[in-house]
A.B. asks: 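Before I ask anything, here is the structure I am working with.
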Amino acid sequence: MKVAAVSVASYDRAAVESGLAEALGLLGGVARFIAPGDKVLVKPNMLEGLPPEKAVTTHPEILRAVLRAVKAGGATPVVGDSPGTTGTLKAAEKCGLLAVCREEDVPLVPFEATVDLPYPAGGIVKKFTLARPLAEADKVISLAKMKTHTFMGITGAAKNMFGFVVGMQKAQFHLRMQARKEFAAMLIDLANLVQPVLSIVDGVVGMEGNGPRNGKPVHAGVLLAGADCFAVDVVMAEIMGFDPARLPLTALACERGLTPPLAGIDLAGSAKDIRLNFVAPRTMLSLTDRIPGWAAAFGRSHLTARPEIGAACVGCGRCAAHCPPEAMTVTDGKVRIDYGKCIRCYCCQELCPADAVHLEEGRMLKLARRFL
Ligand code: SF4
Ligand code: SF4
């Protein structure tokens, strides 16, 4: 269980290439992961079409370096993802990934058509409907971004696989798996099904606060890589300054023996001792995981942060269109939330283009925080 953590100071092309070479070298070289002739699907984080400096998406230079490494290994790369709100091509153009694909002569495959993939070994999901290009590839490389996440605490290598769920079908999983632990269990099934052969995290500039879209870019100067996406996520959490045992996905992955905690991971590289202090999302403390199922509704109302619409709202309706339980309505440009229906998935906060969705802790949650 080896993870490479290397220092990469900027997105200067030479610096990124050298950082990736160092990371892959520590892991035994690219040939350990891909073979000549393989069709390799590289899956960046393309959450939305925003410029690279917003730190929402994997940086174009990281993608370029990975595509070159895949080609150098004799394999044929393709790139794909399913952004949260727009089509793949439009998002890829805005975040600079399309230009890299064109310059490197690598096809960008929109995730639109789907394929049913039975997964009898799944702990919570026995069948996924995922983007068809997954079934057409020999290998997958996860190319995630080091970011906080209002619902899951962090989003890294394993969560990046959620992009294989096409478009609005993502909302169905939020409806079916409303508790963070359930959602984490679904993500673990998904990552185990996809089985990326290599997981890389772009942490040169990450995101802190209320990520994964509306947080603040923060320079971390780190690139992570490893064969095991769960181990990479444990390292990522530690470097960001969060305890993996208190994050739903890494905690569950450790509990199931899918990865050891940090002490059991063979961590190597020039950035292996870096520890940062990322600002946590306002929703990091949710007490719903600590109360019994019969009290779930009470817990959701009183022991989580709730979304509230701020003055910056422009009435675009995107939040309502993506709210999984249809708890939001827009009338005359004014958004209303039915808190009885709201499942605290924070999709509205994640997708709001005006950063107008604030996350407010109720009095009980604030009080409880004093004792934790
Ligand atoms: S997405 Fe944001 S700006 Fe658009 S209606 Fe919702 S809160 Fe307002
Ligand atoms: S209002 Fe926001 S947090 Fe509540 S269910 Fe809808 S999208 Fe999720």
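In each ligand, atom 1 is the first atom listed, and ligand 1 is the first ligand listed. For the single chain, residues carry numbers from 1 onward in sequence order.
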A.B. asks: Hey, could you give me the CD/CG distance between Gln349 and Asn210, rounded to the nearest 0.5 Å?
C.D. replies: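 Here the interatomic distance stands at 5.0 Å.
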
A.B. asks: For ligand 1, which atoms have a heavy atom of Pro353 less than 4.0 angstrom away?
C.D. replies: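 Numbered from 1, ligand 1 contributes 1 (S).
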
A.B. asks: Within a radius of less than 6.0 Å around NZ of Lys216, do more than 12 heavy atoms belonging to other residues, nucleotides or ligands occur?
C.D. replies: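 Counting neighbours around NZ of Lys216, 12 or fewer heavy atoms of other residues, nucleotides or ligands fall under 6.0 Å, so no.
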
A.B. asks: Once you round to the nearest 0.5 Å, how far does CE of Met46 lie from CG of Leu108?
C.D. replies: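 Here the rounded value is 5.0 Å.
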
A.B. asks: Around atom 8 (Fe) of ligand 1, how many protein N/O/S atoms fall inside 2.8 Å?
C.D. replies: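 Near atom 8 (Fe) of ligand 1, the number of protein N, O or S atoms below 2.8 Å is 1.
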
A.B. asks: How far does CE of Met161 sit from CG of Asp189, to the nearest 0.5 angstrom?
C.D. replies: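 So the gap between those two atoms works out to 14.5 Å.
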
A.B. asks: Once rounded to the nearest 0.5 Å, what's the spacing between atom SG of Cys342 and atom CE of Met328?
C.D. replies: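 Between Cys342 SG and Met328 CE, I get 8.0 Å after rounding to 0.5 Å.
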
A.B. asks: Would you indicate whether Lys71, at its atom NZ, is surrounded by more than 12 heavy atoms from other residues, nucleotides or ligands within a distance under 6.0 Å?
C.D. replies: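 Yes, because the 6.0 Å sphere around NZ of Lys71 holds more than 12 heavy atoms from other groups.
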
A.B. asks: State, with a plain yes or no, whether a side-chain heavy atom of Met1 is found less than 4.5 Å away from one of Val234.
C.D. replies: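 Side-chain contact under 4.5 Å: no.
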
A.B. asks: Please tell me whether Lys170 and Ser82 have a donor and an acceptor in their side chains that are separated by less than 3.5 angstrom.
C.D. replies: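 Per modelled atom types, Lys170 and Ser82 side chains form a pair under 3.5 Å.
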
A.B. asks: For Arg344, what residues pass the side chain to side chain donor-acceptor pair (under 3.5 Å) criterion, not counting sequence neighbours?
C.D. replies: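 Arg344 satisfies side chain to side chain donor-acceptor pair (under 3.5 Å) with Thr304 once adjacent residues are dropped.
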
A.B. asks: Taking only distance into account, with no hydrogens and no angle test, what donor-acceptor pairs under 3.5 Å do side-chain atoms of residues 23-38 form with protein atoms, sequence neighbours excluded?
C.D. replies:
residue : atom : partner : partner atom : Å
Arg32   : NH1  : Leu27   : O            : 2.9
Asp38   : OD2  : Ala35   : N            : 2.7
Asp38   : OD2  : Lys139  : NZ           : 2.5

A.B. asks: Mind counting the protein N, O or S atoms sitting less than 2.8 Å from atom 4 (Fe) of ligand 2?
C.D. replies: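 Under the 2.8 Å cut-off, the count stands at 1.
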
